[in-house]
Amino acid sequence: MRFGHFDDEAREYVITTPRTPYPWINYLGSEQFFSLFSHTAGGYSFHRDARLRRLTRYRYNNIPTDVSGRYLYVHDAGDVWTPSWLPVRAELDRFEARHGLGYSRIFGERNGISVDTLVFVPFGEDAEVQRVTVTNTGTAEKSIALFSYVEFCLWNAYDDQTNYQRNLSIGEVEVEQDGPFGTAIYHRTEYRERRNHYAVFAVNARADGFDTDRDAFVGAYNSLGEAAVPRAGASADSVASGWYPIGSHGVRLALAPGESRDLVFVLGYIENPQDEKWADGARQIVNKERAHALLGRFSTAEQADEAFAALRAHWTRLLSTYRVSSTDDKLDRMVNIWNQYQCMVTFNMSRSASYFETGIGRGMGFRDSNQDLLGFVHLVPDRARERILDIAATQFPDGSAYHQYQPLTKRGNNDVGSGFNDDPLWLIAGVVGYLKETGDFSILDEPVPFDNDPALAEPLFEHLRRSFDFTATHRGPHGLPLIGRADWNDCLNLNCFSSTPGESFQTTENQAGGVAESVFIAAQFVLYGAQYADLARRRGLADEAARAEAVVEEVRAAVLEHGWDGRWFLRAYDHDGNPIGTDAHDEGKIWIEPQGMAIMAGIGLGEGPDDTDAPAIRALDSVEELLGTPHGMVLQYPAYTTYRIEYGEVSTYPPGYKENGGIFCHNNPWVIIAETIVGRGAQAFDHYRRITPAYREEISDIHRLEPYVYAQMIAGKQAVRAGEAKNSWLTGTAAWNFVAVSQYLLGVRPEYDGLVVDPQIGPDVPSFTVTRVARGATYVISVTNSGAAGARGRLVVDGAPIDGTLVPYAPAGATVRVDVTV
Ligand code: GLC
Ligand code: GLC
């Protein structure tokens, strides 16, 4: 069952009923100002940091789930309704919500009045703009009143949720009913003392009334759906003093049949220099110059339209770097639009703010952000560069890393600390991804602090060396890397035996940690350690390269000797030195992560798809047999049915959820890539389709979350609600699936010296064309594809056949034609 459809031409998903199984959201903004925006206008806005600079309030665990937002109420001769359906929930004659790239649009119509709202964060602005058109679609004259509504958050979203004894006394606003560009409401709580920022919510017309006190607007015992002012049809002109400051404008409109009125609402964030805070310090009147300048840029609908056109053009440019045109429209829309868009959002948000992450918890992850880069670097390489330097600056001198850092301060987070032993290696992955895309080797010479201490700065390349050495020198009894608090799997905590409720499994280590080893990190080390060695050689450091290669070979041998169970790769060794992920156990026999990663690292590949004795082929067949489901591959199987204290958090989840046998989509693309490496494109594409949202759209009633973006998890085959997704948007699944589909299935992959063109997608996509812009040149790659197992492409470059799959980089500005027959 579906709740809407894709509009690929417009690059939008169109939701045709407000009653989706869960709020389906979008993200507005990609620089400093961000909003979460659901299909019923729910969500909130923040500036840079979702915890510390929250502009509007969101109420968590609410009933219904999603009734904090920016709303417009219509009062039409006593009939009150909201075009976004929520919060009033009056039936609409027509409803449509469209989520596009950096904007959303909600259309609601009832009794001959339609309200069309386009909402977006203009490029270069710290503001959310709502461009509203109200139309009389009936045959009679209409006289209506429109009321806007936002509820302000008192900036620190955590404090705002918890510290009422202070907060209910500090709220302050100013109202400018006759401002130079209409009526503006200023939220200035804490501005009198240490803050130098305020919020402004304005409409580009003189409002007939306003409200800034929530109880006056809503009524002390009403829900937002029953708000008093819209019912009365007239604003109360309330001025908040403490309690709950809001912003609302009341605008009366008389509309002849067929007549429309445009209004522009702006919610802005303004920062004043410390010595320019006040227009009148003695009377404590806020300096509004910057706010007026902002409002002046959006004082007409035409100005808003221009800013919107610029945003659309910006996205057209961004998406032109990688485009496919194939026989499969679901594939095309994921590759060309939604997967790349989600990569931008995960790059911006890391794991901070979604409808499953409150924005008050986690910071930017060292591991997560490095992986996010892999799917983002082709979009805005300069921002990837800056991110790499920020991340690397939080690394410790011994090569280990803070697990998270705070975006506002760019400092490592002491609450979570360090000791996730996969973390350092992801830095190599991120940097190599950046280098292959850009060729900008100068980044390796950038001085970058350790532990944010400028006195400890060393060239970035030295950071990579220490990443490598940290793993090389922290190995256990089998010569495999020690796991520390966890590896990629946060819930495999082999050094934390916790029996105390509420204790963190990750930060409460109680074993020395010298025994438990990770086969996953071993495979990761073989992959990224080899990349480090390759890089060292390219820098002319032959000895260093040879030294690194020798360690990589040791670990490769250790994986084959101590990390192989006979039909698949083992997962780990526990604190007592016993294997995990072995056929000898009843539960947790086989885990997905080392299978994908080992094959990506080239361990046990054998002679291709028919070499059924090769570890790679055996492991992949076991994966499909034991982990495969119609909804994707589960993380491990059989899931644990009882608490295994010695394995940590993993078995705390009921069977089939999250790391305990859920389909943790992030690691599925590793297997997809592995299948392409052994030449089994058909299997790879099959796995791809099972988790990819556009292919799951028809089962939206089961999947329940947005059909245009990946979710972190889909409940596994042993779960009560198998096939149901959770944690959409902020997941490494976005970056890794973009890597899998763009670089391995479609097979166009940037390397140091050229683009590798090596499609492995199986027979279901018989022909396609990829247009790839790389280092300023454009490659038009047309593929005729038999999809036969093990078949590799034959390449003709600008009319001349070449050996192998590497198309050397052409000068910027050139167009290169590549014809491929597989
Ligand atoms: C979450 C975390 C990620 C981790 C994964 C598996 O997605 O953000 O860092 O690797 O869970 O535990
Ligand atoms: C990751 C996992 C989650 C776990 C958390 C612990 O995000 O996905 O299951 O609870 O890490 O920090």
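Indexing begins at 1, ligand by ligand and atom by atom, following the structure's order.
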Option with minimal heavy-atom separation from atom 4 (C) of ligand 1, where the choices are Phe366, Phe664, Phe420, Trp488: Trp488
Please confirm whether the backbone N or O of Arg644 pairs with a side-chain atom of Ser651, one donor and one acceptor, at under 3.5 Å? yes
Using the ring of Tyr405 (Phe, Tyr or Trp, six-membered ring only), decide whether Lys410 places NZ or CZ under 6.0 Å from its centre and within 45 degrees of its axis. no
Using a 4.0 Å heavy-atom cut-off, which part of Asp490 comes near ligand 1: side chain, backbone, both, or neither? both
Can you tell which of His403, Gln712, Glu357 gets a heavy atom nearest to atom 7 (O) of ligand 1? Gln712
Just jot down the ligand 1 atoms closer than 4.0 angstrom to any heavy atom of Asn489, in number order. 12 (O)
Got a donor-acceptor contact below 3.5 angstrom from the Arg51 side chain to the Ile360 backbone? yes
Nearest heavy atom to atom 12 (O) of ligand 1: which of Gln404, Glu659, Glu593 does it belong to? Glu659
How does His666 reach ligand 1, if at all, at less than 4.0 Å between non-hydrogen atoms: by side chain, backbone, both, or neither? neither
Would you verify whether the NZ or CZ of Arg383 falls within 45 degrees of the ring axis of Phe347 while also being under 6.0 Å from that six-membered ring's centre? no
Would Arg54 pass as a cation-pi partner of Tyr44, given that its NZ or CZ must be under 6.0 Å from the six-membered ring centre and within 45 degrees of the axis? yes
Measure the distances from the heavy atoms of Asp368 to every atom of ligand 1 and state whether one is below 4.0 angstrom. yes
